[in-house]
Amino acid sequence: MDYQFKEIEKKWQQFWADNHTFKAENNTDKPKYYVLDMFPYPSGAGLHVGHPLGYIASDIFARYKRLKGFNVLHPMGYDSFGLPAEQYAIQTGQHPLVTTEDNIATYRRQLDQIGFSFDWSREVRTSSPDYYKWTQWIFMQLFNSWYNKDADKAAPITELVAHFESKGSAGINAVCDEDILSFTAEEWKAFSEAEQQTELLKYRLTYLRESTVNWCAALGTVLANDEVKDGFSERGGYPVEQKKMMQWSMRITAYAQRLLEGLDTIDWPEPLKEMQRNWIGKSVGASVKFPVENSSEVIEVFTTRVDTIFGVTFVVLAPEHELVAQLTTPEQKATVEEYIAKTKKKSELDRMADTKTVSGAFTGSYVLNPLNGEKIQLWIADYVLAGYGTGAVMAVPSGDQRDYLFAKHFDLPVVQILDIQKIDTEADPTKEGTYINSDFMNGLDYKAGTAAVIAKLESIGSGKAKVNFRMRDAIFGRQRYWGEPVPVYFKNGLPYLIKESELPLLLPEIDKYLPTETGEPPLGRATDWKHAEGEYELSTMPGWAGSSWYWYRYMDAQNETDFASKEAIDYWKAVDLYIGGSEHATGHLLYSRFWNKFLKDIGKTPEEEPFKKLINQGMIQGRSNFVYRLIDAEGKGTNTFVSHGLIKEYNTSPIHVDVNIVENDVLNQAKFKAWRPDFAEAEFILENGKYVCGVEIEKMSKRYYNVVNPDDLAQRYGADTLRMYEMFLGPLEQSKPWNTNGIEGVFKFLRKFWKLFHDADFNFNVSDAEPTKAEFKSLHKIIQKVEQDIERFSFNTSVSSFMIAVNELTDLKCNKRAILQDLVIILEPYAPHICEELWELLGYTKGKLSYAAYPTFNPAYLVEDEFSYPISINGKMKTNIALSLALGNDEIEAIIRSHADVQKYLDGKSPKKVIVVKGRIVNIVL
RNA sequence: GCUCAGAUGGUGGAACUGGUAGACACGCAGGACUUAAAAUCCUGUUCCCGUUAACGGAGUGCGGGUUCGAUUCCCGCUCUGAGUACCA
């Protein structure tokens, strides 16, 4: 039979499912290997060809590791809580669960037909109560923990309470809110229950706090910083404004330093680590307190250049700073209020677009330099951000360009503080030279000066060395329906956890998926949804909750008494290889690392980092095709279409055309007429008898008609071809436009591979004869090459190598079992269906191929006794001369010098020098 | 602006530690088979000059450098993509 991919693929997909071929065990003698894909949100649009790219790569790796004798965990699941299903529910009234399950069914069908070796018995869905029970459970552990800075880890809140009861607040070094109280043990015991709980909330790793949030009115919810792009929601593109709300937050900042340090221990792409470093944004400096003149208030600033403190000529507050109203003098009140009003009106976008304009207002108040008591003007300006540091800066115009421009604009003094500083036209941020105009620092250099200033500030209690992080605590709540309920009820306005035995706290049914009339979240609509002791929290958890620990659930997905058993976690430990997109750099990948560290702190998991190695697959862009409609003299569109090469000669307008009716940029005219009724009578102006379409690279999207669906390709060419073609496209990490041109080449390769096992009439025909040297050489070349390629995730080059091997073996007319059976094993990770079929035809046990032994590379087969030396003259290759590899360099040089072919090029001259690199090259220098 | 990644034929890409640039595939051209087409197979295909051919010259974004030898290393620049942005 010829290569019948449809029957073969159906047969083996069914076989794998029926026989649970890819079920992983939790206890074996084999070494373990955990290959994970970022699980998808099951959207209504289904998969396009870009989605499986990473899954194919991870599947090849997983299958390869199985052949190498590893017990491989390669699971898949769904991040199935999320906004789109809820938006759809609002529009149609359809329960998000129904939509979600439909979409999951589509995803599953699409995934199945590509032949992935997932262990589906471990599937997880974040929206399933068996799963979110444990998401809620982790929330409860966070609520019951605080961060002990002395131990540098999370600790039970009961320890903190015990400390308060015996020693009061003294001696606690915690990551906590800023407004914590100081109290003795007696005072603590005298506190009311409410006072105690209020105080404890300031320490808990998840806590309530009034915070400025990104409020998206159109979506009716708050968004995390990473869900907001340029002032608009990432999903849907709706405007986002700043609003103050009581919100659940996660004290991720407690882990800032560990999140930063951990990056040095993991094998991730450098750009991704860099993104996380920038997001964490550590800066080392000092905090300095400037007392306000004639007031008890103090302005605290953070600076990375505390050495420039004698160059401070003004201090600037953010317009939103809490002391602004209080410190504005009556004379300046009008100016300041007008400025604040103006700032508020500016949208985020305006503020960004407008970074060059200098603006600000004088408050009328003065602060005092803590080191010399000098009077300094206090200003407000919108270039100071309320959300960073203390919302106040000490301005040093000689060293900072923004401060310089501000000083020049408002005619404030600029003081040079280093002897070599050049400040005639702009600020000079140098650290070179020695200080001048700087009191006790005069004559010191940067290092000594900085140390001296900090020591002095500390001695008078006006400042200290400080590390500041840009990262903020993560807001952990959404005013939405389709998410995990927070396992909390409120009594007297204070949050209490429900009992563990009450988990999971199920999502209640509601009539409409909209906020209540009083503006409460949708959960406010639920009737009979009340805790015995109070009202439930009405927010749900954000999208990243369920994905922040899911890799542990796969280890033991059925467990009813724990999120995963200790044995399972101790066996699988962490993910060895994680493949997914870089768009999750500062969201999912940061939150997951945070929760992982927390779970380690409470003794539930063993590893500091959850993902040892991570690879970002590139984005697959769309490649749009265009036809050009002829415009008539009146400017109206006609029914005539002009081929792309001729559009300069006509007046035309481009129209997106479905890429599925275009082949190699040539339009299928019949299909075009059938595509849309209004094109049925279309006429064409052709070039060379063909209609050629225009091309543009855009995002892959329905509205550009450039979506290529894996279903169509799987139907037309089969899963094996699709898998290999996606890999053949280029390096995995590189982004590239999808182009189906060339898929034929891969299909032809598989057919050629099939024909190696068959005679001209397609009868299975494999010989048991001993292979020749050339046949062994081809085989061992590919064994070595593919192994090297897979280990460095260079899948595109191994596909090429397979083609070379099959071409060679075809030329050798090789049908020897000894060669072909090994070839079947090494090709299995790439094209598993055809290989299973041939494995069975070869007479081996059905379905055992996935666990066969990977052939061992034997270098003896590649040993050559002759090498065709490239002979170059002055580095330019001229000719080849075959010589024995047994010859030494001197012998080679002698032969080359006198060789007739070489003499031709020497033109009578004698070589200055002959460089011989054995087995590589000969270079003659004239 | 800053950070990172990248630039190789008509196209996707290969060249792994400085050693034959363009593997493999698509496309294109020519040919075989066929009444014809599809499919399949064979040959050619970096560019320029020249030509039956051998051969000659140029060539990995641009300009320099190191080296016997550079797509690979170093310096300077241009362009493209991604991230980030008044971060004190």
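Keep in mind that this is a model prediction, so the values were computed, not measured.
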When the P atoms of B:A39 and B:C28 are considered, how many whole Å apart are they? 11 Å
What's the closest nucleotide to the A:Lys878 side chain, out of B:A85, B:A21, B:G57? B:G57
Partner lookup for B:G10, please. Criteria are Watson-Crick or G-U wobble with both distances under 3.5 angstrom; report none if nothing qualifies. B:C26
Check the distance between B:G57's P and A:Asn874's CG and give it to me in whole angstrom. 11 Å
Whole-Å C1' distance, B:G50 and B:G56: 9 Å
Salt bridge or not between A:Glu426 and A:Lys408? Use side-chain N to carboxylate O under 4.0 Å. no
Decide salt bridge (Lys or Arg N to Asp or Glu O under 4.0 Å) for A:Lys273 and A:Asp264; before the verdict, give the C-alpha distance in whole Å, the side-chain angles of both, and the deciding distance to 0.1 Å. CA-CA 9 Å; A:Lys273 291 199 209 177; A:Asp264 297 331; 5.6 Å; no
Starting from P on B:U84, measure out to CG on A:Asn278 and report it in whole angstrom. 9 Å
Using the C1' atom on both, measure B:G13 against B:G27 and round to a whole Å. 14 Å
So what does A:Val917 hit on the nucleic acid, given a heavy-atom distance under 4.0 Å: a base, only sugar-phosphate, or nothing? base
Say we look at B:G9 and B:C4: how far apart would their P atoms be, to the nearest angstrom? 27 Å
Counting Watson-Crick and G-U wobble pairs only, both distances under 3.5 Å, name the nucleotide matched with B:G1, or none. B:U84
Counter-base of B:G76, judged by Watson-Crick or G-U geometry with both distances under 3.5 Å: B:C62
Would you say A:Tyr383 and A:Asp403 are linked by a side-chain donor-acceptor pair, where the criterion is simply a distance under 3.5 Å? yes
So if I take every side-chain heavy atom of A:Thr797 and compare against B:C87, B:G59, B:A14, which nucleotide ends up nearest? B:A14
Quick one: is B:A14 close enough that its OP1 or OP2 comes under 4.0 Å of any side-chain N or O from A:Asn796? yes
Between B:U17 and B:G6 - C1' atom distance, rounded Å: 22 Å
Select base, sugar-phosphate, or nothing to describe what A:Asn923 touches, counting heavy atoms under 4.0 Å on all strands. base
Heavy atoms only, 4.0 Å cut-off, all strands: where does A:Arg751 land among base, sugar-phosphate and nothing? sugar-phosphate
Checking A:Lys913 side chain against A:Val925 main chain: does a donor-acceptor pair fall under 3.5 Å? no
Under 4.0 Å, heavy atoms only, any strand: does A:Tyr869 hit a base, just the sugar-phosphate, or nothing? nothing
Ignoring hydrogens and angles, state whether a donor on the side chain of A:Ser283 or A:Asn468 is under 3.5 Å from an acceptor on the partner side chain. no
Have a look at A:Ile915 and say if it touches a base, only the backbone sugar-phosphate, or nothing, with a 4.0 Å heavy-atom cut-off. base
Salt bridge or not for A:Lys777 and A:Glu808, using N-O below 4.0 Å? no
Which one, B:G57, B:G59, B:G83, comes nearest to the side chain of A:Lys876? B:G59
For the backbone of A:Val415 and the side chain of A:Ser398, can you confirm whether one donor and one acceptor N or O come within less than 3.5 Å of each other? yes
At 4.0 Å (heavy atoms only), tell me whether A:Asn807 reaches a base, stays on the sugar-phosphate, or touches nothing. sugar-phosphate
With the side chain of A:Gln734 defined as its heavy atoms from C-beta on, choose the nearest nucleotide among B:C24, B:C68, B:G13. B:G13
In whole angstroms, how far is the C1' atom of B:A25 from the CG atom of A:Asn739? 12 Å
Determine the Euclidean distance between corresponding C1' atoms of B:A23 and B:U45; express it in Å to zero decimal places. 15 Å
Separation of A:Phe747 atom CZ from B:C26 atom C1', in whole Å? 16 Å
Any-strand Watson-Crick or G-U partner of B:A54, both distances under 3.5 Å: none
Nearest-Å distance for atom pair CD1/P, residues A:Ile873 and B:G69: 14 Å
What is the nucleic acid contact for A:Pro731, judged by heavy atoms within less than 4.0 Å: base, sugar-phosphate only, or nothing? sugar-phosphate
So which nucleotide from B:G19, B:C26, B:A88 ends up closest to the side chain of A:Asn741? B:C26
Among B:C68, B:C87, B:A23, which is the nearest nucleotide to the side chain of A:Ser800? B:A23
In terms of base orientation, is B:G10 syn or anti, with the syn window spanning 90° either side of 0? anti
If we take the C1' atom in both B:U8 and B:C24, what is their distance in whole Å? 15 Å
Ion pair check, A:Arg897 and A:Glu893, cut-off under 4.0 Å: yes
Could you check whether A:Lys785 gets within reach of a base, just the sugar-phosphate, or nothing at all, counting any heavy atom under 4.0 Å? base
The nucleotide from B:C87, B:A25, B:U40 with an atom nearest the side chain of A:Lys748 is B:U40
Classify the ring geometry between A:Phe802 and A:Phe749 as parallel (under 30°), tilted (30 to 60°) or perpendicular (over 60°). tilted
Using Watson-Crick or G-U wobble geometry with both distances under 3.5 Å, which nucleotide pairs with B:C16? none
Atom pair distance, as rounded to whole Å: NZ in A:Lys752 and P in B:C41: 7 Å
When rounded to the nearest Å, what value does the distance between P atoms of B:A70 and B:U80 take? 30 Å
Within the structure shown, what part of the strands sits under 4.0 Å from A:Asp403 by heavy-atom distance: base, sugar-phosphate, or nothing? nothing
For A:Val925 and A:Asn468, take the nucleotide of RNA chain B holding the closest heavy atom to each; which residue's nucleotide lies nearer the 5' end? A:Val925
What is the pairing partner of B:C41, taking Watson-Crick or G-U wobble pairs with both distances under 3.5 Å in any strand? B:G31
Whichever of A:Gln788 and A:Asn880 has the more 5' nearest nucleotide on RNA chain B, that residue is A:Gln788
For B:C4 and A:Arg277 - does any side-chain N or O of the residue sit under 4.0 Å from the phosphate oxygens OP1/OP2? no
Can you tell which of B:C24, B:C86, B:U84 lies closest to the side chain of A:Tyr383? B:C86
Whole Å only: how far is the CG atom of A:Asp761 from the C1' atom of B:U40? 15 Å
Atom-to-atom span, CZ of A:Phe867 to C1' of B:U20 - whole angstrom: 8 Å
